[in-house]
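Here is the structure we will look at, set down as structure tokens.
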Amino acid sequence: MAKKVALLQGNEACAQGALYAGCNFFGGYPITPSTEVAEVLSVELPKIGGKFIQMEDEIAAMASIIGGALAGSKALTATSGPGMSLKQELLGYACIAEVPCVIINVMRGGPSTGMPTGPGQSDVQQAKWGTHGDHPVIALVPASCQEIFTETVRAFNLAEKYRMPVQVLYDEIIGHMRERIEFPEPGELEIINRTEPSVGPEEYKPFDPSFGDVPPMAAFGSGYRFHVTGLNKAADGFPTTKADLVDNEQRRQLRKISAAQSDIELNEEYMTEDAEVVVFAYGSTSRSARYAVNELRKEGVKAGMFRPITLWPFPEKRIAELGKQAKAIIVAELNLGQMNLEVERCVKGACDVPFIGRVDGEPINPGQIMDKVKEVK
Amino acid sequence: MAFDYDKYLRPGKLPHIWCPGCGHGIAMKGLIRAIDTCGLDKSNTAIVSGIGCASRLPGYVDFNTLHTAHGRAAAFATGVKMAKPEMNVIVVGGDGDGTAIGGNHFIHACRRNIDMTYVIFNNFIYGMTGGQFSPCTPTGHKASTTVYGNPDPVFDISKLAIGAGASFVARTTAFHATQIDKLIAEGIKHKGLSVIEVLDDCPTTYGRRNKFRSVIEMMERLKTMAVPVAAASKMTAEQLEGKVLTGVLHKEEKPEYCEQYAEVIKRAKGA
């Protein structure tokens, strides 16, 4: 049977991906250019008995999805830069309290109100460092409407599997662009749900490390009565200031991600096998990079593209290898210098890391990338 | 027979952090008695708080407990209630937490009239951080950040709740201990957003700076400033100067949010 296909906007694809993943709770606040995610889910969620709530502000939206997730829901919110700045407070709460949830950030320029209807990729370091304190981070950066669908599904899976918030960042260009989407059949993509406790309520500890770095999670109202706090906590969930307990907990939370890098990391490499110049690009910029690589290859230039689909945790090892292989890794992104810093850190001087940045509301075009590749000696 | 609080307290979590003379313990005991009166199932009840002295309460009691971020309790609680409308959701917190940093969440929870009970412990001060003035510190009074006297006007929390749309609003004080559980129980039973304001004392950071010589003196103040609603109707404006009304201040039946959303689901499903 032919697959169901549709012409969908990136934001609509995101909403459809969320539904496929089993999302049954959305808490949001209107903001351009992400609002269509909320609009679609306000229509679709009640049809399946799910919950949609428009909260009083961005912080409340984030709070509502954490509350919903603690009560057993698969919860989502969607926003853009100014909203993401407000959500940082409770993004940290979701990290320390280990609450699975998904946050969509349709990136526009900035800082502050910036250019609400223009594209940007300037929240990529915020995704890693925006909330205070040490915390694990997973951030995904899809580059097409189809990939927004699948990466939203993967974001829910990773959130549930590692019991933490997962961010999906895509720029306004692909958020508002329309493309052909093939809907996966039910069961075609794996759906992961959080691990529930295997012990009874009397023995249950919400952060018991004897069950591994990702302890099972009970839901409020399921008979397991436990405590959740934003304070540093012990295995039983209650606050502690004991040095060893705090240290163990903090390190375990970071280890959830560091020990699972190979499970979380996802990249696309395009003609990198023999590439002398590699273009590092993600999101909409990677579409220009692919075009540039194709044109350069026609001219006999050995160019390739490395496209992270998981941006955080960063593909450190592979970038280090490419740094040894290539004369240069050119970083192209819609900001004035963010992921180039990470690439520079990983290549450790083994190759040059020229930078193409743009913040005028226009996309980086293939010609810009081709010119930069040709400058590499 | 004496009331058995242990049934609702988590073993090993006491002593609490509250100072000697603080009224929060009185309010917590009132809350526990109210929950007992209403016969709430512990596993089907969530107690949600923000940050501050009062917000430490959930750690001591044996329910689904959620100690959130400063001011955000009502928003987290709304998420829990929306996800599981069958759960009893009770929010606790202080005046600064609920009406300053959490003011927006507070008024919108009232506006939605979502079926939760918000018990707000108003001790007129930010206690945990050492006694800075809150939106409820009386004008002219001293706090660590108003040593020359507080220039700010005061929020009347109950009026704020009524104005914002809460369908049950009541007020009492830590002196009137037996009224606390009665009002909270009535609030829990009421369908919609209930606010119970408990005027409270903070001898350590508020009383000390404002020349209260003892906790007894602070309790006397709560006792004398409280005027039951019925008695107030027979008093002149002059007699009511400096007094606060206690008892049930507002009660109305109006659509509750989760029920309204259940209708949305029905309409979406085409029923």
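In the text below, chain A, chain B and the rest are named by the order of the sequence lines, each starting its count at 1. Everything quoted here is computed from the prediction, not taken from an experiment. Every heavy atom of this structure was used, including side-chain atoms; hydrogens, water molecules and symmetry mates were not.
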Quick one: do A:Arg252 and A:Glu249 make a salt bridge, cutoff under 4.0 Å? yes

Is B:Asp62 paired with B:Lys13 through a side-chain N to carboxylate O contact shorter than 4.0 Å? no

So which part of [X] gets closer than 4.5 Å to some heavy atom of chain A, the side chain, the backbone, both or neither?
X	result
B:Met82	both
B:Arg112	side chain
B:Lys42	both

Greatest number of heavy atom pairs closer than 4.5 Å to chain B - which of A:Ala69, A:Gly92, A:Ala60: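 Of the candidates given, the most pairs with chain B belong to A:Ala60.
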
Looking at A:Ser64, A:Ala97, A:Gly27, which makes the most heavy-atom pairs under 4.5 Å with chain B?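 The candidate making the most pairs under 4.5 Å is A:Ser64.
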
Geometric cation-pi criterion A:Lys233 and A:Phe207, 6.0 Å radius, 45° cone: yes

NZ or CZ of A:Lys4 within 45° of A:Phe183 ring axis and under 6.0 Å: yes

Given that the side chain runs from C-beta out, which part of [X] has a heavy atom under 4.5 Å from chain B: side chain, backbone, both or neither?
X	answer
A:Tyr224	backbone
A:Glu56	both
A:Tyr93	side chain
A:Leu70	side chain

Who wins among B:His105, B:Lys81, B:His108 for the most heavy-atom pairs under 4.5 Å with chain A?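 Between B:His105, B:Lys81, B:His108, the count favours B:His105.
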
Hey, what's the ring geometry for A:Tyr204 with A:Phe226, parallel, tilted or perpendicular (30° and 60° as the breaks)?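 A:Tyr204 vs A:Phe226 ring planes: perpendicular.
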
Is there a side-chain contact between A:Lys51 and A:Ser73, using heavy atoms and a 4.5 Å cut-off? no

What about B:Trp18 and B:Phe121, are their ring centers closer than 6.0 Å? no

